[in-house]
Amino acid sequence: MSAASAVSTAGYLARRAAQKERVRILYRRALKDTLNWAVHRHLFYQDASDLRERFEANKRVEDLDTIDRLIADAEASYNKWRHPDPYIVPWAPGGSKFTRNPTPPSGIEIIYDYGREDND
């Protein structure tokens, strides 16, 4: 194996690894966004299955430029159809309960055993 062939093989493998990572991230994002559009679980399962079929349809494509184009088209489609008001877990950043009860400022003492204090 020549040095040029090894570099070309390494470049090919690096590009394929980057493409696989982009597809994985895109699939996860799209799947999570599908939950935002589906009101009920039985609707989500059908939408998730349809999404999986769309990804599986291009699983056997080998041309690197075609794969890059397919990924770019899928990312553009995802960005176009993203939910405008995604569900956020209430206690996560951006959720309705996030920092609702912030920690009290220093100098304020909280007594957790109210009513059971020592009355010396």
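No experiment lies behind these values; they were computed from the predicted model shown.
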Nearest-0.5 Å distance that lies between atom [atom1] in [X] and atom [atom2] in [Y]:
| X | Y | atom1 | atom2 | value |
| --- | --- | --- | --- | --- |
| L26 | Q19 | CG | CD | 13.0 Å |
| L51 | E53 | CG | CD | 10.0 Å |
| D47 | L31 | CG | CG | 10.0 Å |
| I25 | Y78 | CD1 | OH | 11.5 Å |
| T34 | H83 | OG1 | NE2 | 11.0 Å |

>> Run I67 and R15 through side-chain contact (heavy atoms from CB on, under 4.5 Å) and show every step you take.
In response: CA-CA 10 Å; I67 294 170; R15 189 170 172 191; over 6 Å; no
> Side chains of V23 and F55: closer than 4.5 Å at any heavy-atom pair?
Replying inline: yes
> Is the closest side-chain heavy-atom distance between W91 and R100 below 4.5 Å?
Replying inline: no
Using every non-hydrogen atom in the two residues, find where [X] and [Y] come nearest and quote the distance to one decimal.
| X | Y | value |
| --- | --- | --- |
| D33 | R82 | OD2-CA, 3.5 Å |
| R16 | L64 | CD-CD2, 3.2 Å |
| G95 | I88 | N-CG2, 3.7 Å |

> Going by atom types alone, do Q46 and D50 pair a side-chain donor with an acceptor below 3.5 Å?
Replying inline: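 Yes, a side-chain donor-acceptor pair sits under 3.5 Å.
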> Checking R54 against Y27: charged group under 6.0 Å from the ring centre and within 45 degrees of the axis?
Replying inline: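 No.
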>> Do R41 and F44 form a cation-pi contact, if we require the NZ or CZ to be under 6.0 Å from the six-membered ring centre and within 45 degrees of the ring's axis?
In response: yes
>> Taking D73 first and then R69, would you say they form a salt bridge - that is, a charged N and a carboxylate O separated by under 4.0 Å?
In response: yes
